[in-house]
**Q** 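The following block contains the structure, expressed as structure tokens.
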Amino acid sequence: MNRKQPLAVIVGPTAGGKTAIAVELAKRLGGEVISADSVAVYTGLDIGSAKPTKAERQGIPHHMIDCADPAESFTVSDYQQRARAAIEGVHSRGNLPILAGGTGLYVNAVISDLGFTDAGRDEAFRLEWVKRERELPGSAYAALEKADQKRAKELHRNDFQRVLRALEVFHLTGRPMSEQNGDFQKSESPYRLAVAGLTMPRELLYARIEQRVDQMLSNGLVLEVQGLLDAGLDPNAPSLQGLGYKEIIAYLAGKQTLEQAVELIRQNTRRFAKRQLTWFRRDARTVWFDVSECSKPALADRIEDFFEHALQ
RNA sequence: GCCUCGGUAGCUCAGUCGGUAGAGCAAGGGACUGAAAAUCCCUGUGUCGGUGGUUCGAUUCCACUCUGAGGCA
């Protein structure tokens, strides 16, 4: 009987120390890092995404970083395919893949048996509905109630982004989205899994976020954004809707002061970290490690121990 | 020194013709299947500045007091 391949996973809120611990464990366990970060996939978005530098990577191979053009939109489904291929590559080299990142949906797309429908995107269809919704708010949800009652019940009528996607799937396939997607909470993982969650007291996390934002600024975040815009990147591109980018763009457009932009980045990052915690807490497979409870080497010891036992 | 207007949720304020109070923002919690760093939902007990007085009952009225802003000397 074929045994599933092992996959070590490190999740947690932004600025929580995932990168450093992932590299440390890769060194100890003979691993390679698979990033699970929806912004670090884009080339050129380096500072704002806190992409690990060459020095921080310490010679450990990192996958799923710089693999998409920021002018194009990169989706979960793209991520799933390519990340799984990357993991297979790591296995074929006899190494341990370490999936590390804070984008919950991306992590789930890899570690759960999450099957995406074949339906891609239909931009014309989307534009049409955006227009209709503006003219008659609530019409998209009303249409979904007719097309896919089950999905409509799962969604809130105001969650236009999801309502629209469900409509799009029905439009492209002629079948309700709710019939095409399994319940990923109940699905079995394709891998032998060990999921470590990094956590710390909220107060400490927020202090670290503040530090990180200051660091990004002194590393030249404003110049990075200016450079991307100068290179012709559309400020409305999905890649630039990320934290830190949209606020700086608003500053460069003269819509707010730099101080306001920075304060907004801090606040939005705190909120984002909160949402990340909500996501990872929900997954019962996550085993939590409090970073503030011990020294860095001791933390690495504990997680190394956990991975070794859980992945046996 | 005198006069006026304030002191109510972490912040800015509303309100109670006397029956112990509510908005916005902040914050917290939750959801999450092709934009996910996105999108969306839910959540308001606080010595009503302090001490006395009147009253069945005071955050509300009265007195004193502390404190902030402005004005007059």
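All chains are named by letter (A, B, ...) in the order of the sequence lines, taking the proteins before the strands, and each is independently numbered beginning at 1.
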**Q** Quick one: is B:A26 close enough that its OP1 or OP2 comes under 4.0 Å of any side-chain N or O from A:Y206?
**A**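 For B:A26, OP1/OP2 do not have a side-chain N/O of A:Y206 under 4.0 Å.
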**Q** Side chains of A:D148 and A:S178 only: does a donor on one sit below 3.5 Å from an acceptor on the other?
**A**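 The answer is yes; a qualifying pair exists.
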**Q** Suppose we call a contact any N or O donor and acceptor under 3.5 Å apart; does that hold for the side chain of A:R162 and the base of B:A36?
**A**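 Per atom types, the contact qualifies.
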**Q** Determine whether more than 12 heavy atoms belonging to other residues, nucleotides or ligands lie under 6.0 Å from atom CD of A:E179.
**A**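 Yes, enclosed.
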**Q** What interatomic distance, in whole Å, is found between C1' of B:U20 and the corresponding atom of B:G24?
**A** 24 Å
**Q** Charged N to carboxylate O below 4.0 Å: is that the case for A:R151 and A:E154?
**A**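 A salt bridge links A:R151 with A:E154.
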**Q** Where the side chain of A:D159 is defined as all heavy atoms beyond and including C-beta, which of B:U39, B:A27, B:G34 is the nearest nucleotide?
**A**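 So the nucleotide nearest the side chain must be B:U39.
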**Q** Looking across every strand, which nucleic acid part, if any, lies under 4.0 Å from A:Q276 by heavy atom: base, sugar-phosphate, or nothing?
**A** nothing
**Q** Across all strands, who's sitting opposite B:U47 as a Watson-Crick or G-U wobble pair, both distances under 3.5 Å?
**A**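 No nucleotide pairs with B:U47.
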**Q** What interatomic distance, in whole Å, is found between P of B:C62 and the corresponding atom of B:G19?
**A** 15 Å
**Q** Does the side chain of A:N158 get closer than 4.0 angstrom to OP1 or OP2 of B:C40 through an N or O atom?
**A** no
**Q** Is the shortest side-chain N/O distance from A:R275 to OP1 or OP2 of B:G30 below 4.0 Å?
**A**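 Checking B:G30 against A:R275, no side-chain N or O comes under 4.0 Å of OP1 or OP2.
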**Q** Closest to the A:S38 side chain: B:A37, B:A31, B:A27?
**A**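 Looking only at heavy atoms from C-beta outward on A:S38, the closest nucleotide is B:A37.
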**Q** Is there a Watson-Crick or G-U wobble partner for B:U60 with both distances under 3.5 Å, and which nucleotide is it?
**A** none
**Q** Give one of base, sugar-phosphate or nothing for A:K274, where a contact means two heavy atoms less than 4.0 Å apart.
**A**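 The residue A:K274 makes base contact.
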**Q** At 4.0 Å (heavy atoms only), tell me whether A:T269 reaches a base, stays on the sugar-phosphate, or touches nothing.
**A**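 Nothing, no heavy atom under 4.0 Å.
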**Q** Would you say the side chain of A:D37 and the base of B:A37 hold a donor-acceptor pair, judged only by whether the two atoms sit under 3.5 Å apart?
**A** yes
**Q** What is the separation between atom NZ on A:K153 and atom P on B:A31, rounded to the nearest whole Å?
**A**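 The answer, rounded to whole Å, is 21 Å.
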**Q** Report which part of the nucleic acid A:S73 touches: base, sugar-phosphate, or nothing (heavy-atom distance under 4.0 Å, all strands).
**A** nothing
**Q** Taking the side chain from A:Q276 and the backbone from A:G102, do they hold a donor-acceptor pair closer than 3.5 Å?
**A** yes
**Q** Report yes if a side-chain nitrogen or oxygen of A:Q161 is closer than 4.0 Å to either non-bridging phosphate oxygen (OP1 or OP2) of B:C40; otherwise report no.
**A** no
**Q** Determine which nucleotide pairs with B:C17, using a 3.5 Å limit on both distances of a Watson-Crick or G-U wobble pair.
**A**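 Here B:C17 is not engaged in any pair, so there is no nucleotide opposite it.
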**Q** Can a side chain N or O of A:Y79 be found less than 4.0 Å away from OP1 or OP2 on B:G34?
**A** no
**Q** Nearest to the A:R202 side chain among B:G29, B:A36, B:U39, which nucleotide is it?
**A**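 Nearest to the side chain of A:R202 among the choices is B:G29.
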**Q** Under 3.5 Å for both donor-acceptor distances, Watson-Crick or wobble: does B:G1 have a partner, and if so which one?
**A**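 Base partner found: B:C72.
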**Q** Looking at A:D37 and A:K51, is any side-chain nitrogen of the basic one under 4.0 Å from a carboxylate oxygen of the acidic one?
**A** no
**Q** Would you say B:A37 has OP1 or OP2 under 4.0 Å from some side-chain N or O of A:T103?
**A** yes
**Q** Could you verify whether a donor N or O on one side chain and an acceptor N or O on the other, from A:E224 and A:Y245, lie under 3.5 Å apart?
**A**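 Result is yes, a qualifying pair exists.
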**Q** Just call it for A:A119: base, sugar-phosphate, or nothing, with non-hydrogen atoms closer than 4.0 Å on any strand.
**A** base
**Q** With both distances under 3.5 Å as the test, what is the Watson-Crick or G-U wobble partner of B:U55?
**A**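 WC or wobble partner does not exist here.
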**Q** Between A:R134 and A:S139, do the side chains contain a donor N or O and an acceptor N or O under 3.5 Å apart?
**A**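 Not at all, the side chains of A:S139 and A:R134 share no donor-acceptor pair under 3.5 Å.
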**Q** Once you apply the 3.5 Å cut-off to both distances, tell me the Watson-Crick or G-U wobble partner of B:C25, or none.
**A** B:G10
**Q** Need the pair for B:U39. Rule: Watson-Crick or G-U wobble, both distances under 3.5 Å, any strand; none if unpaired.
**A** B:A31
**Q** For RNA chain B, whose closest nucleotide is more 5', that of A:F272 or that of A:V76?
**A**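 Its nearest nucleotide being more 5', the pick is A:V76.
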